[in-house]
A.B. asks: 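This is the structure I want to talk about, given as structure tokens.
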Amino acid sequence: MRKTCCDNKEEMHRGTWSKQEDQKLIDYITQHGEGCWRNLPKAAGLLRCGKSCRLRWMNYLRPNLKRGNFSEDEDDLIIRLHALLGNRWSLIAGRLPGRTDSEVKNYWNSHLRRKLIKMGIDPNNHLISHYLHRKSLEFWTENSRRETDGSLLSDTGSSCANDQQPIRSLPDLNSLPSIHP
DNA sequence: AACCGGTACAACCGCTTGTTA
DNA sequence: CTAACAAGCGGTTGTACCGGT
């Protein structure tokens, strides 16, 4: 059996990184650069596996990371790129300066997926399904009913009941601009 | 105040890919 | 060509936090 950098788990720290661990990693990489991740933990005096160090550095400690809320432009770009590339998070993140694949993936799963579903768009294929289309119409109808205090809107979504083809929701996927800092 | 469910995000895991001897 | 290894990637899990009851 081949030994990986994470095999001696009993000696490894796991879970959330402490400030001291972060600082050790930052100090080491600042001084020596990103060398061999397998040997880095020992050299830096960290009881972590190389993989864990790499992840921590790439996603959270690296300089020039943006962090914080995504802008509308970034939202839009992620959605368009996802429609084109699928779950290729590193490729998508590559077009968003200061963002990591992990951050984009998490943001997609916790925000954008829901946002698309609310809009009646299937986040898996970026199409408006009949079910979702109907559901979104119901959602908006229900909302406007509440707002207009009881005025009834009839026949929700029936206008597309005979349309068997899904509706393309993202017409312009040809130009895929990246966001420049 | 205590509990509960939902959300956001950090971290882990296993697989794939690229490189080198 | 192939085996071994390091690095990268994407899916999944764990957990802290927050708002509602």
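All values derive from a computational prediction rather than experimental measurement. Naming: A, B, ... by sequence-line order, numbering from 1 per chain.
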A.B. asks: Let's see if you can work this out: which of dG11(C), dG8(C), dA11(B) has an atom nearest to the side-chain heavy atoms of R56(A)?
C.D. replies: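 Among the listed nucleotides, the one closest to the side chain of R56(A) is dA11(B).
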
A.B. asks: Taking only side-chain nitrogens and oxygens of R88(A), does any of them come within less than 4.0 Å of OP1 or OP2 of dC9(C)?
C.D. replies: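 No, outside the criterion.
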
A.B. asks: What is the distance from CZ of R54(A) to P of dC9(C), rounded to the nearest Å?
C.D. replies: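 That distance rounds to 7 Å.
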
A.B. asks: Any Lys/Arg nitrogen of R95(A) or E74(A) sitting under 4.0 Å from an Asp/Glu carboxylate oxygen of the other?
C.D. replies: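 Here R95(A) does not pair with E74(A) in a salt bridge, since their nearest N and O are not under 4.0 Å apart.
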
A.B. asks: Do we get R48(A) above W17(A)'s six-membered ring, with its NZ or CZ under 6.0 Å from the centre and within 45° of the axis?
C.D. replies: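 Yes, a cation-pi geometry.
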
A.B. asks: Whole-Å distance between dC12(B) P and E21(A) CD?
C.D. replies: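 One finds 9 Å between P of dC12(B) and CD of E21(A), rounded.
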
A.B. asks: Quick test of your reading of the model: are D76(A) and R80(A) salt-bridged, counting only N-O distances below 4.0 Å?
C.D. replies: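 So D76(A) pairs with R80(A) through a salt bridge.
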
A.B. asks: What is the distance, rounded to the nearest whole Å, between atom CG of L40(A) and atom C1' of dC5(C)?
C.D. replies: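 Atom CG in L40(A) sits about 17 Å away from atom C1' in dC5(C).
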
A.B. asks: Under a 3.5 Å cut-off for both contacts, is dA1(B) paired Watson-Crick or G-U wobble with anything, and if yes, with which nucleotide?
C.D. replies: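 Pair assignment: dA1(B) / none.
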
A.B. asks: Nearest to the R48(A) side chain among dG10(C), dC12(B), dA7(C), which nucleotide is it?
C.D. replies: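 Of the candidates, dC12(B) comes closest.
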
A.B. asks: Give a yes or no on whether a salt bridge exists between K115(A) and D75(A), defined as a side-chain N under 4.0 angstrom from a carboxylate O.
C.D. replies: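 Looking at D75(A) together with K115(A), the answer is yes, because their closest N to O distance falls below 4.0 Å.
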
A.B. asks: Given dG8(C), dG10(C), dA7(C), identify the nucleotide with an atom nearest to the side chain of C36(A).
C.D. replies: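 Taking heavy atoms from C-beta onward, the closest nucleotide is dA7(C).
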
A.B. asks: Out of dG10(C), dC12(B), dG14(B), which has the shortest distance to the side chain of L55(A)?
C.D. replies: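 Closest of the options to the side chain of L55(A): dC12(B).
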
A.B. asks: Tell me, do R62(A) and T100(A) make a side-chain contact under 4.5 Å, heavy atoms counted?
C.D. replies: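 They are in side-chain contact.
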
A.B. asks: In whole angstrom, what separates D101(A)'s CG from dA11(B)'s P?
C.D. replies: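 After rounding, the gap between these two atoms is 14 Å.
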
A.B. asks: Given dC12(B), dA7(C), dA10(B), identify the nucleotide with an atom nearest to the side chain of R38(A).
C.D. replies: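 Of dC12(B), dA7(C), dA10(B), dA7(C) is nearest to the side chain of R38(A).
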
A.B. asks: Could you go through nucleotides 4-8 of chain B and list every protein N or O atom that sits under 3.5 Å from one of its N or O atoms, giving the distance for each pair?
C.D. replies:
from	atom 1	to	atom 2	distance (Å)
dA8(B)	OP1	H111(A)	NE2	3.4
dA8(B)	OP2	S110(A)	O	2.6
dA8(B)	OP2	R114(A)	NH2	3.0

A.B. asks: Provide, to the nearest angstrom, the distance between the OH atom belonging to Y107(A) and the P atom belonging to dA10(B).
C.D. replies: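 In whole Å, dA10(B) P lies 14 Å from Y107(A) OH.
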
A.B. asks: Distance-only, no hydrogens or angles: does the S110(A) side chain make a donor-acceptor pair with backbone N or O of N106(A) under 3.5 Å?
C.D. replies: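 Indeed, once roles are kept as given, a pair shorter than 3.5 Å links the two residues.
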
A.B. asks: Not counting sequence neighbours, which residues clear salt bridge (Lys or Arg N to Asp or Glu O under 4.0 Å) with K42(A)? List them please.
C.D. replies: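 Per chain and number, K42(A) pairs via salt bridge (Lys or Arg N to Asp or Glu O under 4.0 Å) with no residue.
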
A.B. asks: For the pair H32(A) (side chain) and Y28(A) (backbone), establish whether a donor and an acceptor sit closer than 3.5 Å, ignoring hydrogens and angles.
C.D. replies: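 Yes; at least one donor-acceptor contact below 3.5 Å.
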
A.B. asks: Looking only at side-chain N and O atoms, does W108(A) come under 4.0 Å of OP1 or OP2 in dG10(C)?
C.D. replies: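 Negative; the distance criterion is not met.
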
A.B. asks: Quick check for you: among dA11(B), dA6(C), dG8(C), whose closest atom lies nearest to any side-chain atom of T16(A)?
C.D. replies: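 In terms of side-chain proximity for T16(A), the closest of dA11(B), dA6(C), dG8(C) is dA11(B).
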
A.B. asks: Any side-chain N or O of S102(A) under 4.0 Å from OP1/OP2 of dG10(C)?
C.D. replies: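 Negative; the distance criterion is not met.
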
A.B. asks: Could you state the atom-to-atom distance from CD1 of I29(A) to P of dA7(C) in whole Å?
C.D. replies: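 After rounding, the gap between these two atoms is 11 Å.
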
A.B. asks: Look at the side chain of K105(A) and decide which nucleotide, out of dA10(B), dG8(C), dG10(C), has an atom nearest to it.
C.D. replies: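 Per side-chain heavy atoms of K105(A), the pick is dG10(C).
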
A.B. asks: Rounded to the nearest Å, what distance is computed from the CG atom of residue L91(A) to the P atom of nucleotide dT16(B)?
C.D. replies: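 Result: 18 Å.
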
A.B. asks: Starting at atom CG of L65(A), determine the distance to atom C1' of dA10(B), rounded to an integer number of angstrom.
C.D. replies: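 Rounded to whole Å, this separation is 14 Å.
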
A.B. asks: So Y60(A), base contact, sugar-phosphate only, or nothing? Heavy-atom distance under 4.0 Å.
C.D. replies: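 The residue Y60(A) makes base contact.
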
